[in-house]
Amino acid sequence: MTSPFDSKNRLAAMLDRLALRLVLFALCVLYFLRLWKSGPASLLAGIGLFVLVLVTLALLEQRTLTLRDRLLRERAGGMIALEELLLMPSSRAADTVCSLLCSVLDAQPLGGAKMLYEGETWLVRCAQCVQGSNASEGDVLAAHRARVEADADKCALISTGGFSPAATRAAEWMEPPVRLIGGRQLAQLAGRLHPATDEEIARHARRARVPFSFARIRALALAPAKLRRYLVCAFLLLLLYLLYGSLMTLAAALLSYLLAILCARENRRTFRL
């Protein structure tokens with residue numbers, strides 16, 4: 001998807017389409033004119049070829065738009081599925097992922113996040129990681145212990161994010177190895193089975209349009225770990241003001257000191273639910 005700065009306006013797009021059609025029409029007429037050396041016959045044949053080329057381009061454009069629409073719906077459906085998995089209880093998330101794998105692999109569900117695939121019993125576990133984080137080595141060990149407890153032949157660990165290098169090595173060292181499926185592959189499988197509808201795409205776009213709320217920005221700006229940083233910045237800016245006498249530096253130092261005071265007051269609040 002392109003941003004509004006990358007896309008053309010309506011007038012520029014119309015002029016480009018008109019110029020392209022004029023060039024195609026001229027090429028069609030010139031082709032037959034060079035072939036037959038006759039003006040009227042070349043014009044009629046060029047018009048026929050031009051219409052044929054326009055119909056072909058329209059069909060190709062329609063096919064491209066259909067393919068892009070399907071890919072967009074699959075991508076949005078995968079992202080929505082990952083968000084829903086992230087908020088589910090762990091047992092329900094494992095059951096949902098197991099049902100998804102049964103549909104993709106044509107496996108037989110056995111209940112309790114287990115499935116029968118190629119004559120072997122698989123236990124499915126789900127590591128619910130936020131976007132940008134990875135499943136750890138502990139998640140792999142927990143999946144292996146759950147497989148032993150459930151008396152399954154093999155185990156598949158699915159992460160809504162990625163896997164750390166330590167987790168990948170741990171999965172290879174296990175006997176039998178733990179099958180790892182990352183969030184990107186899971187989103188592709190979920191989007192392929194359940195493409196997003198127009199309402200789901202619109203709802204997801206409204207949520208993504210405002211990624212930060214005022215409360216979240218305030219919590220990040222006044223975090224306890226930033227109190228010391230504000231004080232250090234205020235001290236260094238004050239030294240610069242004493243050395244060079246810049247009023248801008250003094251204003252920045254006062255602003256840093258004010259943020260430090262607000263941060264201290266914010267973290268001294270009485271705990272309430």
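For this chain, numbers begin at 1 and follow the sequence in order.
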Nearest heavy-atom approach of Gly112 to Asp95 is C-OD1, 3.9 Å
- Query: Does Leu193 share a hydrophobic cluster with Leu82, counting links as ILVMFWY side-chain heavy atoms below 4.5 Å and allowing steps through other members?
  - Reply: yes
Answer whether the closest heavy-atom distance between the side chains of Arg68 and Thr64 falls below 4.5 Å. yes
NZ/NE/NH1/NH2 to OD/OE distance under 4.0 Å, Glu74 and Arg192
no
Residues passing the salt bridge (Lys or Arg N to Asp or Glu O under 4.0 Å) test with Glu84, sequence neighbours excluded, are none
Interatomic distance, SG@Cys263 vs CG@Leu222, rounded to 0.5 Å, equals 5.5 Å
Short N-O contact, Glu172 and Arg179, less than 4.0 angstrom:
no
Excluding Leu180, membership of its hydrophobic cluster (Ile, Leu, Val, Met, Phe, Trp, Tyr; side-chain heavy atoms within less than 4.5 Å) reads Val140, Leu141, Leu157, Phe163, Met174, Val178
Does the distance from a Lys or Arg side-chain N to an Asp or Glu carboxylate O, for Arg73 and Asp198, drop under 4.0 Å? yes
Review point. Any link between Leu100 and Met115 through a network of hydrophobic side chains (Ile, Leu, Val, Met, Phe, Trp, Tyr) touching at under 4.5 Å?
Key: yes
**Asked** Does some side-chain heavy atom of Lys154 sit less than 4.5 Å from a side-chain heavy atom of Pro177?
**Response** no
Residues pairing under ring pair (Phe, Tyr, Trp, His ring centres under 6.0 Å) where one sits in residues 58-102, two or more places apart or in two chains, turn out to be none
